[in-house]
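Note sheet for the following structure.
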Amino acid sequence: KWIKGILRVHLFSLERKVAVRFPSSHLVVAWLVEHVSDIGCKYLVGADGRTPYERLFGKNVREEALEFGEVIHYRPRTRQDANVLLEPRWCPGVWLGRRWGSMTHRVNAGGKVVDACAVQRVPLAARWVADGLAAIRATPWCLDPVPDGAAGLVFPPLDPVAEPAAAAAEP
């Protein structure tokens, strides 16, 4: 019951920030469900005054909290054939949450979901972009990108959020 309410709050907050509506069949919602369940395990306090994480590990969560769907810069893993001097040290991506049981972040970068150990936030004006969220083609249970129309998956177009009409001024 509580997870539906928190999921709804996070979804409406994200929709308001990027000014688009996400249908329930969009892959962003699947990632958001995983993120909200992670938040519930780590931060919601029970009747005994402790979180499930605290009951399990005996200590509070000590990790930085980012907002779901925000644009960040992440440090990619160094490849064997990479030229260390010429490769970029930080790449842009969209933050999708954390991996349970580790300190790695899940980041959507170039249509793929990668695990990153280090992230940096971008300025507030550049933090919310709908294109980065619309480009998600992987699910939490299958990190390989899924092509359009494969296995019956249809990626619905995102609808722009209609601004409420201003009330007519009374004479």
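Sequential numbering from 1 along the given sequence is applied to the chain's residues.
Cluster membership for Val61 and Met103, using ILVMFWY side-chain heavy atoms within less than 4.5 angstrom, is not shared. Linking ILVMFWY residues whenever their side-chain heavy atoms come closer than 4.5 Å, directly or via other members, leaves Val113 and Ile72 in distinct clusters. Placement of Val45 and Tyr43 in two distinct hydrophobic clusters is found when ILVMFWY residues are connected by side-chain heavy-atom separations under 4.5 Å, directly or transitively. At a threshold of 4.5 Å between side-chain heavy atoms, the hydrophobic network of Ile, Leu, Val, Met, Phe, Trp and Tyr places Val71 and Val119 in two separate groups. The hydrophobic clustering, which links ILVMFWY residues whose side-chain heavy atoms are closer than 4.5 Å, places Val94 and Val33 together.
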Item to check | His35/Leu96 under side chain to side chain contact (heavy atoms under 4.5 Å, CB included): CA gap, chis, key distance, verdict | outcome: CA-CA 7 Å; His35 174 66; Leu96 298 175; over 6 Å; no
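Listed by chain and residue number, Trp2, His10, Val36, Leu44 satisfy the side chain to side chain contact (heavy atoms under 4.5 Å, CB included) test with Ile6 (two or more places apart in sequence, or in another chain). Residues passing the side chain to side chain donor-acceptor pair (under 3.5 Å) test with Trp95, sequence neighbours excluded: His105. Looking at residues two or more places apart in sequence or on another chain, you find a side chain to side chain donor-acceptor pair (under 3.5 Å) between Arg121 and Glu70. Annotation: side chain to side chain donor-acceptor pair (under 3.5 Å) contacts of Ser37 (sequence neighbours excluded): none.
In this structure, the separation between CG on Leu133 and CD on Glu15 is 10.5 Å, given to the nearest 0.5 Å. Going from atom NE2 of His26 over to atom CG of Leu11 covers 11.0 Å, rounded to the nearest 0.5 Å.
Tyr74 and Ala109 get closest at one heavy-atom pair: OH-CB, 3.3 Å. Considering all non-hydrogen atoms of both residues, Ala30 and Pro140 come closest at O-CG, 3.7 Å. Closest approach of Leu14 to Phe68, counting heavy atoms only: CD1-O, 3.6 Å. Contact between Val107 and Gly93 at its shortest, heavy atoms only, is CG1-CA, 3.7 Å. Shortest non-hydrogen contact noted between Cys91 and Pro76 is SG-CG, 3.7 Å. Counting all heavy atoms, side chain and backbone alike, Arg75 lies closest to Ala116 at O-CB, 4.2 Å.
Phe22 is not listed as a side-chain neighbour of Leu32, based on a closest heavy-atom distance of 4.5 Å or more.
The salt bridge (Lys or Arg N to Asp or Glu O under 4.0 Å) analysis of residues 108-118, with sequence neighbours excluded, yields the pairs Arg99-Asp115, Arg106-Asp115. Annotation: salt bridge (Lys or Arg N to Asp or Glu O under 4.0 Å) contacts involving residues 57-68, sequence neighbours excluded, comprise Lys17-Glu67, Lys42-Glu63, Glu63-Arg98.
Between the Arg50 side chain and the Ala47 main chain, no donor and acceptor come within less than 3.5 Å of each other. A side-chain donor-acceptor contact under 3.5 Å links Asn108 to the backbone of Gly132.
For Arg55, the CZ atom sits in a packed shell: over 12 heavy atoms of surrounding residues, nucleotides or ligands are nearer than 6.0 Å.
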